[in-house]
*Asks:* 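After the structure tokens below, expect a handful of questions from me.
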Amino acid sequence: MKFFVDTAEIDAIAELHALGMVDGVTTNPSLIKKSGRDILEVTKEICDLVDGPVSAEVIATEADAMITEGRALAKIADNIAVKLPLTWDGLKACKVLTGEGNMVNVTLCFSANQALLAAKAGATFISPFIGRLDDINLDGMELIEDIRTIYDNFGFETQILAASIRSVNHVLDSARIGADVITAPPDVIKKLALHPLTDKGLETFLKDAADADIKIV
Ligand code: E4P
């Protein structure tokens, strides 16, 4: 399973990238706003740092304008994935932009039928939003499961990019179900390393090493 980092903060991406944990990056207008940076500048910096797909989202809502913005974003670097909302106009733009050889990430997916349409429009990635469904007491993981089943039933090659991930359990469940990619905030990725028994065990080993005066170098 690939790990994308869901942020536009260069330092956070660089820290995880140095450990080989970054297969790609996703941004959205809210994350760009949070970074306080110019979208074109910060996206270029991310693309220079990371080899994998970097999602940059359009802000137009009408297909022709989305296509114009998508082409402008795609010019930033070869590894841009143009991010389009799952609307009818977004699907039209998806068909055109993928036809021109661009990667497209169709975002704001909340139903399996929407995911089916995105695959038929040739999307490279579909982004079902797990956390936002959980927020309204619906089951985000059930959506990932349904999309996995449908895509496998018909051999769609669109990659399932589990998004709106809020917890380490979202990552684990996405991996179990077979999402192709997860995109998670840096702190969630870092929390994957934590376990209280690891901390407790290390404490004991360090105490015993000190008691026995063990030295390695
Ligand atoms: C990424 O592609 C999505 O825009 C992001 O995961 C949304 O996350 P949120 O629901 O926590 O804002």
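First listed ligand is number 1; within each ligand, the first listed atom is number 1.
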*Asks:* So is N28 polar-close to ligand 1, meaning N/O to N/O under 3.5 Å?
*Replies:*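 Such a contact does occur with ligand 1.
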
*Asks:* Given side chain to side chain contact (heavy atoms under 4.5 Å, CB included), test I32 with R37 step by step and report yes or no.
*Replies:* CA-CA 6 Å; I32 297 290; R37 302 279 312 276; 5.8 Å; no

*Asks:* Is E15 paired with K190 through a side-chain N to carboxylate O contact shorter than 4.0 Å?
*Replies:* yes

*Asks:* Please determine whether the number of non-hydrogen atoms from other residues, nucleotides or ligands lying under 6.0 Å from atom CG of L49 exceeds 12.
*Replies:*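 Correct, the count exceeds 12.
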
*Asks:* Which protein non-hydrogen atom lies closest to atom 5 (C) of ligand 1, naming both residue and atom, and how far is it?
*Replies:* D6 OD2, 3.1 Å

*Asks:* Within a distance under 4.0 Å of any heavy atom of F129, pick out the atoms of ligand 1 and give their elements.
*Replies:*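 Under 4.0 Å from F129, ligand 1 has these atoms: 3 (C), 4 (O), 7 (C).
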
*Asks:* Please list, in number order, the atoms of ligand 1 under 4.0 Å from a heavy atom of K83.
*Replies:*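 Result: 1 (C), 2 (O), 3 (C), 4 (O).
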
*Asks:* Would I182 and M1 count as a side chain to side chain contact (heavy atoms under 4.5 Å, CB included) if you check the C-alpha gap in whole Å, the side-chain angles of each, and the deciding distance to 0.1 Å?
*Replies:* CA-CA 7 Å; I182 55 103; M1 187 174 62; 3.7 Å; yes

*Asks:* Which pair of non-hydrogen atoms, one from I150 and one from A112, has the smallest distance, and what is that distance?
*Replies:*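 For I150 versus A112, the nearest heavy atoms are CD1-CB, 3.8 Å.
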
*Asks:* Under 4.0 Å from ligand 1, counting heavy atoms only, is it the side chain of E57, its backbone, both or neither?
*Replies:* neither

*Asks:* What protein heavy atom sits nearest atom 8 (O) of ligand 1, and how far off is it?
*Replies:* S164 CA, 3.4 Å

*Asks:* Considering only heavy atoms of R132, which atoms of ligand 1 have at least one such atom less than 4.0 Å away?
*Replies:* 7 (C), 9 (P), 10 (O), 12 (O)

*Asks:* Taking P85 as the fixed residue, which of N28, V58, L91 is the one that meets the side-chain contact (heavy atoms from CB on, under 4.5 Å) rule?
*Replies:* V58

*Asks:* Distance under 4.0 Å to a non-hydrogen atom of R166: what atoms of ligand 1 satisfy this?
*Replies:*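 So the atoms of ligand 1 that pass are 9 (P), 10 (O), 11 (O).
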
